[in-house]
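Counting starts at 1 for both ligands and their atoms, following the listed order. Note that these values count all heavy atoms, side chains included, but never hydrogens, waters or copies made by symmetry.
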Amino acid sequence: MTESILVVNCGSSSLKLALFDENETKLASAMAERLNGQDAFARIDGDNPCVALPDNANHKQALQALVSAFRERQLMSEAPASIGHRVVHGGETFREAVLIDDDAVKAISNCAGLAPLHNPVNLAGIEATREQFPDTPQIAVFDTAYHQTLAPRAFLYALPEAYYRDWAVRRYGFHGISHFFMANEAARRLGKTPETTSIISTHLGNGCSITAIKDGLSVDTSMGLTPLEGLVMGTRSGDVDPGLFEYLRTRGVALEEVHKVLNHDSGLLGISGRTNDMRTLCELADGGHEPSALAIEIFCFRLAKYVGAMMASLSHLDALVFTGGIGENSVQVREKTLGHLGLLGFDIDTDKNEHHGRHTDGRIEHADSRFPVLVIPTNEELVIAREAFRLAQAS
Ligand code: AMP
């Protein structure tokens, strides 16, 4: 049996696993959902029936059950050769992936104040695999690390400097693993090296962000101190006037309520009043539901404005790249967004946009467009597997 690399992605009530071999071939993937609840379940993708879990299974129990199922199916030997963990927040401590030891665990834990919903569950996954595979090298790959190359002009807010000095208030940026993959994959498709390639990368999923990448490095990005800033998202508002907080206070809305609304009840869901799912929104809009059409309009207009803003960081542009569930699949979002960008020289080929990726290299720009436009499926698991393999070899 070949050596395998296990990729672990822990969400608050979910666990996703992927198994790669050393040649970067994905051997299997699996997920567990609704963990810590009565209806927790786990499944190996493409396989039936579900993998049995104890009642109210937690992350550790789900991990054990899925690893046993991998072994039963002869997908994995006793232990993987290395394990890569996705970790949401690395603060300013982590500028790249690291081999996990006790000091790294402590440092990840120290960043939890910046990501209270995410880092503790990421740590729960790390603790579970360290316990189960004490002799296997484990690697943490951070969503924020790629953006640590931002200059102060891009990462500082225009706030009193003590806020940064004393409380680490700054823009960190997220989706770094995906934007890093785009930097490399776009360069490869354009026949260039990442070090000489400058792109604007849009990751449009349930969370959305856009990053300016200059010569392979992140130089500006739309998400900030938290993943709430920037683009319109599924349920998150993205940018709002900070004066909103005081205004709503005078209307009797508590701070906790504003926080909840901005994160969970806004974005596409808030505007449409129906759903945060872009596919459903497009169907509703086609059927004449005006709030859904408006939600798509606002989403695309905000995105187009940010494409323009990202250009301020670049001296040339090799491509605009779309990825994430919406970026990879929504013909309408790509067309509407590029429709706002004619003045900058973007021009879409509607036929290629409709059929991207199936018979082509993912390019959707018109022959007259000033810049290439690419649709590239993201592959965050592969980035984590590569880092896990690389750092385990070096350890
Ligand atoms: P992600 O978080 O990357 O899985 O992306 C989720 C988003 O992608 C949801 O808003 C989905 O509606 C959207 N999406 C997935 N497939 C399509 C599609 N074919 N057309 C439009 N949106 C899609």
Side-chain angles (χ1 to χ4, degrees), residues 7 9-18 26 29-33 43 45 86 88 117-118 143 174-182 185 201-211 221-223 227-228 230-238 263-287 289 291-303 321-339 348 350 352-358 362 364 373-384:
V7 174
N9 186 354
C10 280
S12 52
S13 62
S14 68
L15 169 71
K16 288 188 194 146
L17 299 181
K26 192 160 154 180
S29 56
M31 49 86 106
E33 281 186 2
R43 182 184 296 133
D45 291 344
R86 179 196 206 127
V88 167
L117 298 180
H118 294 103
D143 258 324
F174 298 86
H175 290 149
I177 300 169
S178 179
H179 290 301
F180 171 74
F181 181 77
M182 292 306 127
E185 184 59 16
S201 166
T202 69
H203 179 106
L204 311 175
N206 206 23
C208 300
S209 70
I210 180 167
T211 295
T221 192
S222 59
M223 283 179 167
L228 183 55
L231 303 176
V232 175
M233 311 183 209
T235 62
R236 284 173 251 167
S237 60
N263 277 286
H264 303 294
D265 304 333
S266 298
L268 296 173
L269 173 65
I271 306 164
S272 70
R274 288 284 184 90
T275 177
N276 60 334
D277 187 290
M278 183 58 84
R279 203 170 356 189
T280 311
L281 273 182
C282 290
E283 286 161 13
L284 284 166
D286 287 347
H289 186 249
S292 293
L294 185 60
I296 299 168
E297 280 296 328
I298 296 173
F299 181 94
C300 296
F301 183 58
R302 175 87 57 89
L303 175 59
V321 180
F322 286 94
T323 194
I326 297 172
E328 290 165 34
N329 295 300
S330 179
V331 172
Q332 197 176 344
V333 165
R334 294 193 300 258
E335 185 171 345
K336 272 188 188 297
T337 305
L338 287 169
I348 197 165
T350 49
K352 284 186 185 166
N353 186 37
E354 191 88 37
H355 298 108
H356 86 88
R358 276 167 235 159
I364 58 166
V373 182
L374 284 164
V375 180
I376 300 179
T378 194
N379 198 341
E380 292 157 292
E381 288 169 346
L382 180 61
V383 173
I384 298 170

Taking distance alone, with no angle check, do [X] and ligand 1 share an N/O pair under 3.5 Å?
X      : result
Met278 : yes
His203 : no
Leu204 : no

Ile210 and its side-chain contact (heavy atoms from CB on, under 4.5 Å) partner, picked from Val321, Leu204, Leu231: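 Testing Ile210 for a side-chain contact (heavy atoms from CB on, under 4.5 Å) against Val321, Leu204, Leu231 leaves exactly one candidate, Leu231.
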Give me the residue, atom name and distance of the protein heavy atom closest to [atom].
atom                    : result
atom 18 (C) of ligand 1 : Asn329 CB, 3.3 Å
atom 13 (C) of ligand 1 : Ile326 CG1, 3.7 Å
atom 12 (O) of ligand 1 : Asp277 OD1, 2.8 Å
atom 3 (O) of ligand 1  : Gly325 N, 2.9 Å
atom 2 (O) of ligand 1  : Asn206 N, 2.9 Å

Looking only at heavy atoms, what is the nearest atom pair of Lys26 and Ala18, with distance?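 For Lys26 and Ala18, the tightest heavy-atom pair comes out as CE-CB, 4.4 Å.
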Are any side-chain N or O atoms of Arg86 and backbone N or O atoms of Asp143, one a donor and one an acceptor, separated by less than 3.5 Å?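 Not a single qualifying donor-acceptor pair exists.
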Any pair counted as salt bridge (charged side-chain N to carboxylate O under 4.0 Å, His left out), so long as it reaches residues 264-283, sequence neighbours left out: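 Listed once each, the pairs are Lys260-Asp265.
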Enumerate the atoms of ligand 1 whose separation from the nearest heavy atom of Gly205 is less than 4.0 angstrom.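 Counting from 1, the qualifying ligand atoms are 1 (P), 2 (O), 3 (O), 5 (O).
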Location of contacts on Asn276 toward ligand 1, heavy atoms closer than 4.0 Å: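 Answer for Asn276: backbone.
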Hey, looking at atom 22 (N) of ligand 1, which of Arg279, Glu283, Gln332 has the closest heavy atom?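 Ranked by closest heavy atom to atom 22 (N) of ligand 1, first place is Arg279.
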Indicate whether any N or O donor in one side chain lies under 3.5 Å from an N or O acceptor in the other, for [X] and [Y].
X      : Y      : answer
His203 : Ser178 : yes
His264 : Thr235 : no
His179 : Ser201 : yes
Thr221 : Thr211 : yes

